[in-house]
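These numbers come from the heavy atoms of this one structure, side chains and all, not from hydrogens, waters or symmetry mates.
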Amino acid sequence: MKTREAVAKRITDLCDERGITVNVLANLAAVSPSTVKNIIYGVSKNPGIATIKMLCDGLDITLLEFFDDEIFLSLEQEIE
């Protein structure tokens with residue numbers, strides 16, 4: 001799994017855990033729904049850390065909590 005895919009999965013997993021939609025997350029995070037959907041559906045190839053931080057703020061978690069997940073431990077190497 002690539003980093004972009006892991007970030008997208010983590011966002012959807014966190015939404016599922018909280019029982020909220022992507023649109024609700026976007027509103028909570030003060031970002032456009034299209035921004036979140038572009039991350040989730042792979043349109044955005046490199047979501048910025050500032051955007052991820054805003055999503056974390058909307059979810060009331062830290063960046064450390066966002067990245068503290070098994071999914072990030074088994075990422076493929078991006079540079080070959």
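Nearest heavy-atom pair across D57 and K53 is OD1-NZ, 2.5 Å. The two residues P33 and N23 have their closest heavy-atom pair at CB-OD1, 3.2 Å. Residues V7 and F67 approach most closely at CG2-CE2, 4.4 Å, considering heavy atoms. Considering all non-hydrogen atoms of both residues, A26 and V36 come closest at CB-CG2, 3.9 Å. The two residues A30 and M54 have their closest heavy-atom pair at O-CE, 3.5 Å. Between A6 and L75, the shortest heavy-atom distance links the atoms CB-CD2, 3.5 Å.
Atom-to-atom distance recorded for I40:CD1 and I11:CD1 is 5.5 Å, nearest 0.5 angstrom. Here NZ of K45 is found 12.5 Å from CD1 of I39. Values are rounded to the nearest 0.5 Å. Distance check: I49 CD1 to I52 CD1 gives 4.5 Å after rounding to the nearest 0.5 Å.
A 6.0 Å sphere centred on CG of D60 holds no more than 12 heavy atoms belonging to other residues, nucleotides or ligands.
In terms of the salt bridge (Lys or Arg N to Asp or Glu O under 4.0 Å) criterion, D68 has no residue partners (sequence neighbours excluded).
Side-chain contact check for L28 versus L59: every heavy-atom pair is 4.5 Å or farther apart.
Here the side chain of R10 pairs no donor or acceptor atom with the backbone of I71 at under 3.5 angstrom.
Evaluated for a side chain to side chain contact (heavy atoms under 4.5 Å, CB included) with L25, the options V31, L14, L55 yield exactly one hit, L55.
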